[in-house]
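Inspection log for the structure reproduced underneath, given as structure tokens.
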Protein chains: 2
Amino acid sequence: MPDRLSRNPSTSPAGAPAPGQRADARNNRARLLQAARDAYALDGTGVPSSAIARRAGVGAATLYRHFPTRDALISAAFSEQLGQCVAAVDEALNDDDPWRGLRTVLTEVCRMQAEDRGFSAAFLTAFPDAPDVQRERARAESRLARLVQRAKDTGQLRKDFDSSDITLLFLANNGVLRDSPAASMAASRRLLAYFLQSCRPTDDTPLPEPAPLRLDDLYRAPRRTG
Amino acid sequence: MPDRLSRNPSTSPAGAPAPGQRADARNNRARLLQAARDAYALDGTGVPSSAIARRAGVGAATLYRHFPTRDALISAAFSEQLGQCVAAVDEALNDDDPWRGLRTVLTEVCRMQAEDRGFSAAFLTAFPDAPDVQRERARAESRLARLVQRAKDTGQLRKDFDSSDITLLFLANNGVLRDSPAASMAASRRLLAYFLQSCRPTDDTPLPEPAPLRLDDLYRAPRRTG
DNA sequence: GGCTAAACGGTCGACCTCTTCCGTTTGTGC
DNA sequence: GCACAAACGGAAGAGGTCGACCGTTTAGCC
């Protein structure tokens with residue numbers, strides 16, 4: 001009796017709610033995802049899976065039946081929010097003012113990170129087994145690059161800005177998140193404000209070499225800050 | 001046969017090389033500290049203690065005899081580098097140019113973080129059981145505040161800069177560190193450059209409220225980024 | 001060189017997390 | 001309502017780390 005997820009792991013590794021499944025299964029799946037989001041938002045993605053199952057009111061086996069691996073659960077839990085990010089980039093590309101668009105995207109993503117440490121961690125994690133996540137991320141990244149180029153062309157963004165600086169910001173922003181959501185928000189806002197001020201074009205001292213950071217090849221976010 | 005460390009845990013929880021101990025003990029202690037520094041620098045403070053003991057060529061029991069708890073080892077391993085930071089602040093206070101002093105301190109600490117993720121993690125960890133670490137940190141913080149004030153007074157630093165922004169920088173910098181030291185260094189330098197540019201006084205848009213961050217009340221740096 | 005206590009190292013138990021097994025329950029179509 | 005397969009949950013196994021015990025070794029001193 002192979003279940004759906006192990007039968008076709010390639011087509012929907014963390015994918016959509018399967019159509020042919022029983023009502024209780026669909027229901028449990030939804031509650032697991034919600035429990036995961038809640039727990040991750042509160043305490044980060046380090047939360048033990050058993051706690052997620054307990055919070056959802058199901059057994060551990062049920063969790064693993066729906067999400068064969070830890071990463072599958074995490075990427076499924078945050079796929080919606082990842083989609084939001086991509087949508088934000090699309091919206092920004094439609095803005096008449098490239099700088100405003102860019103600034104809005106950065107602000108929005110930083111806010112989402114500060115609101116939900118779990119999302120922040122998921123956002124910066126590679127998920128080598130979730131090709132759809134990787135694909136979406138790659139799409140978002142190439143569009144961001146286009147947005148950056150436009151902002152440079154209009155002279156609103158410094159010429160030595162590099163697309164990798166966006167990743168740099170998101171990593172830095174993840175680093176300033178605290179246990180308390182309020183503290184996270186305050187720190188995030190302040191950091192972003194500093195960053196945005198430096199993004200304006202200037203004939204002042206040039207920046208050092210860009211860091212070799214692409215959202216694509218970020219390693220997994222490790223157990224400790226160290 | 002109580003050993004030294006458990007006999008007086010309050011006076012030197014992670015303290016200096018005891019004078020009255022045997023040569024082999026002193027030797028092993030030093031090798032443990034070196035092994036810890038090496039391992040932590042490479043892989044962060046998440047490295048299992050058994051690996052440290054193996055690297056030092058001693059048994060696990062020896063490690064625990066010298067350092068009763070995990071945190072004791074970590075704080076002892078990095079106390080020297082913490083001292084370097086305090087010294088850097090002192091030196092900066094002696095600089096004729098407050099801005100140059102401040103910039104040098106920030107550059108130096110960021111560089112140390114990028115060179116050694118273990119130090120970076122230790123630097124941002126509370127260590128409630130290591131009063132000497134806390135004391136030194138508090139001292140450094142108050143001196144930094146003085147330095148900030150001087151730089152503001154000379155008009156070299158924006159008036160709405162807050163001392164907590166230094167903590168913010170160190171946290172952010174910790175967040176951009178990667179597995180590869182070269183990548184960490186590049187990212188750190190770039191981040192610092194952005195930050196420093198925004199620190200100059202400007203009559204431009206003001207910053208949002210400072211984040212409630214003091215080096216003192218940072219929570220422990222958790223196992224995962226999430 | 002020999003004695004004594006300090007120091008050592010292998011081993012063992014406790015704890016925690018991830019993952020799987022298997023007997024039982026429950027939803028669904030006839 | 002009945003039968004069957006899907007889905008469930010409790011419990012157990014595997015892996016790994018922390019920290020302690022205890023018999024053995026070795027440094028320091030006479």
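Chain letters run A, B, ... following the sequence lines, proteins first and then strands; every chain starts at 1.
Between Arg111(A) and Glu115(A), at least one side-chain N (NZ, or NE/NH1/NH2) sits under 4.0 Å from a carboxylate O, which counts as a salt bridge.
As a whole-Å value, the separation of Ile52(A) CD1 from dG9(D) P is 15 Å. Between Asp71(B) atom CG and dG19(D) atom C1' the separation is 14 Å, expressed in whole Å. One can place CZ of Arg54(A) at 14 Å from C1' of dG9(D), the figure rounded to the nearest angstrom. Going from atom CG of Leu63(B) over to atom C1' of dA7(C) covers 14 Å, rounded to whole Å. Summarising the geometry, the separation between CZ on Arg31(B) and C1' on dA7(C) is reported as 14 Å, rounded to the nearest angstrom. If you measure from atom OH of Tyr64(B) to atom C1' of dG13(C), you get 14 Å, rounded to the nearest angstrom. One interatomic measurement links the two molecules: CG of Asp43(B) to P of dT17(D), which rounds to 12 Å at whole-angstrom precision.
Between the base of dG19(D) and the side chain of Arg65(B) there is no donor-acceptor pair shorter than 3.5 Å. With hydrogens and angles ignored, a donor-acceptor pair under 3.5 angstrom links the side chain of Arg22(A) to the base of dA6(D).
Out of dC8(C), dC18(D), dC18(C), the shortest distance to the side chain of Arg70(A) is found at dC18(C). Distances were taken from every side-chain heavy atom of Gln21(B) (C-beta onward) to each of dC18(D), dA7(C), dG9(D); the shortest belongs to dA7(C).
Annotation: side chain of Asp179(B) is in contact with side chain of Arg117(B) (closest heavy-atom distance under 4.5 Å).
Aromatic pair Phe123(B)/Phe78(B): ring centres not closer than 6.0 Å.
Nearest-nucleotide assignment on DNA chain D puts the 5′-proximal partner with Ala61(B), out of Ala61(B) and Asp24(B). Residues Pro48(B) and Ala60(B) both approach DNA chain D. Their nearest nucleotides, taken by heavy-atom distance, put Pro48(B) toward the 5′ side. Take the nearest nucleotide of DNA chain C for Thr69(A) and for Val58(B): the residue whose nucleotide is more 5' is Val58(B).
Between Asn28(A) and dA7(D) there is no side-chain polar atom (N or O) within less than 4.0 angstrom of OP1 or OP2. Side-chain nitrogen and oxygen atoms of Ser50(A) include none within less than 4.0 Å of the OP1 or OP2 phosphate oxygen of dT17(C). Side-chain N/O atoms of Thr62(B) include one lying less than 4.0 angstrom from OP1 or OP2 on dG9(C). Phosphate contact (OP1/OP2 of dC8(C), side-chain N/O of His66(B), threshold under 4.0 Å): present.
Thr62(B) and Asn28(B) share no donor-acceptor pair across their side chains, judged by distance under 3.5 Å alone. A side-chain donor-acceptor contact under 3.5 Å links Asp162(B) and Ser164(B).
At a threshold of 4.0 angstrom between heavy atoms, the contacts of Ala25(A) are confined to the sugar-phosphate backbone, with no base atom among them.
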